[in-house]
Structure formats: structure tokens, C-alpha cells
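To keep things clear, I will list the structure first and then write my remarks on it.
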Amino acid sequence: MLTKVPKGMKDVLPAESALWRAMESAMRQAALLAGYREIRTPVLEHTELFARAAGETSDVVRKEMYTFLDKGERSVTLKPESTAGTVRAFLESGLYAQALPLKLYYLNAPHFRYEAPQSGRLREHHQFGMECFGAAQPTAEAELIVLVVNLLAGFGLPNLAVRVNSIGCPKCRPAYQEKFRTYLAGKADSLCKNCVERAQVNPMRALDCKEERCQAQLADAPMMLDCLCEECQEHFEQLKRLLTLSGIRFTVDPRIVRGLDYYTKTVFEVTMETPNGVLTVCGGGRYDGLVEELGGPSIPAVGFGFGMERALMLLEQLPQEERRLQAQNEFPQVFTAFLHKGLLTDAFAVTENFRKAGLRADMDHQGRSLKAQFKYADKLGAPFMAILGDEEVEKGVVKLRDMTTKEEWEVALPEAPQALQKRLG
RNA sequence: GUGGGUAUAGUUCAGCGGUAGAGCGCCAGAUUGUGGCUCUGGAUGUCGUGGGUUCGAACCCCACUACUCACCCCA
């Protein structure tokens with residue numbers, strides 16, 4: 001147990017963290033260009049916040065939350081999604097009183113869901129997400145969808161599928177839900193246990209059911225998309241026009257429902273083909289009622305969550321030459337080797353000198369033989385060696401060796417960093 | 001919650017009733033001031049835990065635990 005990471009958690013080791021950083025900077029840049037600024041909210045929120053925001057009937061709230069009592073007997077929860085916390089901060093700080101829209105993004109935010117882990121699904125995962133408050137127009141959705149698609153395409157990821165749907169608003173949805181509930185009631189005998197339950201609490205969820213018999217029963221079910229009020233209809237038409245105009249290939253999927261109850265009008269998903277099936281990389285939508293639901297003024301909003309591990313997983317499956325996201329090199333540019341222990345301090349000084357000049361430099365810390373130092377440097381991938389023996393120290397020089405060409409030459413100690421920089425270009 | 005699979009060296013795995021193995025990695029030597037390739041040598045194991053069958057169990061049986069994959073749901 002002691003040396004075992006808790007179930008569903010993952011370490012990001014050095015071999016991978018560089019790629020994470022590359023992805024992060026691409027995200028920051030994209031967000032910046034679209035006028036979004038970073039917000040960081042706590043991992044922990046009052047349980048009540050999620051219950052209220054995501055909805056008591058959602059699977060997330062009902063069975064997937066990391067909830068516990070703190071020492072003050074308050075029920076707190078590790079955030080399973082970030083929209084609720086962002087809205088809370090937005091309200092608490094009074095940011096809503098400033099010029100709207102307010103555009104926020106978060107990056108690398110840890111999220112927790114207590115589920116059975118498997119490929120592409122962890123108990124702790126990290127999301128990049130964007131939220132736009134105070135934008136009622138479909139340009140807000142379009143902006144986000146375009147941004148995500150361009151981002152993923154920019155990584156070199158092919159075969160993205162963008163699916164959009166509208167699930168109506170408080171004006172048109174209740175009538176539809178009633179219609180749908182009636183429809184389900186007539187089929188209750190042929191539906192799975194879950195769907196019978198769904199019919200009561202949130203009938204639209206049945207559309208998401210993967211059971212074949214349910215899908216067969218729902219083949220001619222009424223769709224929200226066909227029952228939208230005039231306003232929702234117009235909103236959706238505009239969004240489609242905007243996406244088409246932006247050159248985004250998308251499909252309308254009337255069956256997208258999303259697992260969180262706060263969505264209104266637009267919902268969307270970006271999915272990708274993987275060896276293990278289709279994975280959702282990004283999911284989001286409009287939540288015009290949530291800010292008010294959480295005690296604020298009536299402010300429309302749109303947002304999405306983007307699973308960073310999932311995107312990284314897909315990227316790692318991509319052949320190296322198709323990847324357009326490249327991790328920064330981390331190997332030392334020069335490795336200082338020294339002949340014997342008596343030259344330890346000289347070697348240390350030389351190494352530090354390289355570092356002062358902004359070069360990635362390293363040396364042995366194990367008392368290895370010269371030969372072993374070369375071997376080690378080779379493993380690290382250092383393209384140059386700086387070699388110190390008694391002769392060199394006496395003459396005040398260091399011998400530089402190009403590991404590829406095996407060429408060696410001597411340079412005066414103080415000039416070594418410059419000489420190397422020249423060679424490295 | 002339901003159903004598969006797996007558990008042996010640092011790591012990937014082979015062995016499937018009779019002395020615990022290989023590749024990779026690690027260390028050293030061949031080459032006492034020079035890496036990659038090659039060759040030689042070396043170190044490292046409660047064979048997941050507990051019980052049972054047997055003269056004898058890493059191997060067969062049972063239970064447990066952990067991991068993993070899939071379903072549901074999701075990022």
C-alpha cells in the first residue's frame with residue numbers, strides 16, 4: 001500500500017510532463033487570443049454547491065462524488081466538475097457587476113469522480129475548461145467550439161467528431177418532458193430498470209441508455225429538437241450557421257443529453273475514435289439558468305470541460321510524425337566529466353558556469369569512473385561533453401567533445417560556455 | 001453495482017506437478033583519460049495472501065486481496 005498510488009490516480013512522470021506543458025501552453029495561448037483569462041478555484045467546495053448545480057438526479061451527484069465531513073462537521077466535496085465552482089467564485093467576488101461578458105478559463109484543474117477506473121477514465125483527472133458569463137448570443141457557443149476544434153486539430157489529432165444538439169429552455173422543455181414521459185410510460189414493460197427510473201426523474205436521460213432493447217423502443221421517441229420554442233429554434237439555427245461559416249464539420253445529434261442538469265439550449269460534445277471505442281474529449285453547453293439558480297442575477301452563460309488526460313492519451317497513440325504538439329527537450333546540452341575525485345570542485349565550477357550561461361548542464365554525483373560518466377552522459381542524451389583532467393586544469397582549459405562527430409578541442413575555461421553556445425546554434 | 005482477465009527479478013514476460021528462468025535495464029571487465037556496437041562476468045525473487053490436494057505445488061483446487069479491461073455513466 002505504501003508505494004501504491006490510490007486507485008484511479010496517476011502520477012505524471014518526467015517522461016510525460018513535458019508534453020503536458022506543451023499542451024498547456026497551447027491552451028493558454030488559444031484562450032488568450034479569444035479574450036479568456038485564467039481563474040483558479042479550490043479543489044474543495046461545499047457539497048451543497050454541486051448538488052444544486054449539477055442536479056440531485058445526476059449520476060455525478062448521486063454516486064460519483066468524493067464527499068466527506070471536515071473537522072468542523074461540514075460536508076465538503078472534491079470537485080467533480082468546475083462550472084459550479086466557477087459560478088460560485090463569479091458571484092462571490094462580485095465579478096458579475098463588471099462589464100460582461102466575463103470570459104474565464106481554467107487549466108490543469110483536478111477533478112474527482114468515484115467511478116471504476118478503466119482506459120481513459122480516472123478517478124482524478126484534469127480539465128481545461130472555459131466559461132463565458134453574460135453572453136446570450138450563439139456566437140459564444142460557436143467561439144468555444146471553434147476554439148476546441150482548432151486546438152485539437154493543431155495537436156495533429158484527426159477524426160474529431162463535433163456533435164451538437166439543443167435541449168430547449170424552461171419555456172419549451174417542460175411540455176416536451178411531459179410528452180416524453182407519457183411515451184415512456186407506454187413502453188415501461190420493455191425498458192431496462194434504469195430507464196423506468198429515468199422516466200420518473202429525468203426522462204431525457206433514457207436517450208443516453210446503451211441498452212439495445214431501450215434504443216429499439218426509443219427509435220421513434222419524440223425529440224426535444226422537434227419541440228423547441230421559437231427562440232430556441234432560432235438560436236440553434238444561428239449556431240449551425242456560425243459553425244458552418246467557420247468551416248467546422250459537425251453533426252446534429254438529437255440524442256445528446258449530457259449528464260448535468262444545468263444545461264439549456266445548446267449542448268455539444270467533441271469525440272474521437274480510439275482503439276477502445278469512441279471517447280468524449282470535450283463536453284459542454286449553455287447554462288442560462290445556473291447563475292440565478294445559485295443565487296445570482298439572471299445571467300446567461302456557456303462553457304465546456306476538456307479532459308486533458310484523454311487528449312494526451314489520443315496524442316500518444318498518434319504516430320510521432322503526425323503529432324504537431326512537441327515536448328520541449330530536457331536532455332543536458334553538456335555533461336562535465338572529470339578524471340578523478342580530486343577534480344570534483346573544478347568540475348562543479350565548470351558545470352555551474354555553463355548553467356549561468358543558460359545551458360542545460362549536468363555532471364556525475366556518484367563518483368563514477370570516467371568511462372561510466374561517458375556512459376551515463378550518453379544515456380541522458382548529452383550532445384557535448386566537457387572533460388577535465390589534471391592537464392586541463394593546470395592549463396586553465398577544458399576539453400570539449402562533440403559526441404556525434406567525436407571531434408575534441410580545448411577552450412580556455414571562461415570561454416567554454418560561449419564556445420558551446422556557438423556550436424549548439 | 002455486474003461480468004471477463006491477470007498476479008513470478010528493477011521492468012516486460014516465459015515456466016504449468018520434480019533444483020526459479022530469459023530479454024531489457026543495472027554494475028564491473030575486455031579498453032587503468034573517452035560513450036553508443038560486440039563479448040565476458042556479476043547483483044537482485046516471502047513465484048500476490050491464506051488454506052487445501054499431493055511423497056513433492058510457481059504450476060492443480062478453494063477463498064481473499066490487488067490490479068486491469070468491459071458494461072453503466074462520463075472529461
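Just so we're on the same page: letters track the sequence lines, and every chain starts at 1.
Relative to the six-membered ring of A/Phe384, A/Arg423 misses at least one condition, a distance below 6.0 Å or an angle of at most 45° to the axis. No cation-pi contact links A/Arg123 to A/Phe112, judged by a cut-off of 6.0 Å to the six-membered ring centre and 45° from its axis.
The residue A/Arg368 sits close only to the backbone: its heavy atoms come under 4.0 Å of sugar-phosphate atoms, none of a base.
The aromatic rings of A/Tyr106 and A/His111 sit tilted relative to each other, their planes meeting at an angle between 30° and 60°.
Under the salt bridge (charged side-chain N to carboxylate O under 4.0 Å, His left out) criterion, the residue pairs touching residues 27-50 of chain A are A/Arg28-A/Glu38, A/Glu38-A/Arg40, A/Glu45-A/Arg88, with sequence neighbours excluded.
Between A/Leu152 and the options A/Leu315, A/Leu314, A/Val281, A/Leu325, a side-chain contact (heavy atoms from CB on, under 4.5 Å) holds for only A/Val281.
Across all strands shown, B/C71 forms a Watson-Crick or G-U wobble pair with B/G1, both key distances being under 3.5 Å.
In this structure a side-chain-to-backbone donor-acceptor pair under 3.5 Å is missing from A/Lys7 to A/Pro117.
Within the structure, every side-chain polar atom (N or O) of A/Gln366 is placed at least 4.0 Å from both OP1 and OP2 of B/C27.
Near-neighbour residues of RNA chain B inside residues 395-421 of chain A, defined by a heavy atom below 4.0 Å, number-ordered: A/Lys399, A/Arg401, A/Met403, A/Lys406, A/Glu408.
The base of B/C73 has none of its N or O atoms less than 3.5 Å from a complementary donor or acceptor on the side chain of A/Arg113.
Residue-to-nucleotide proximity on RNA chain B shows that, of A/Gly8 and A/Glu392, the 5′-proximal contact is made by A/Glu392.
Whole-Å rounding puts the A/Gln373 CD to B/G33 C1' distance at 11 Å.
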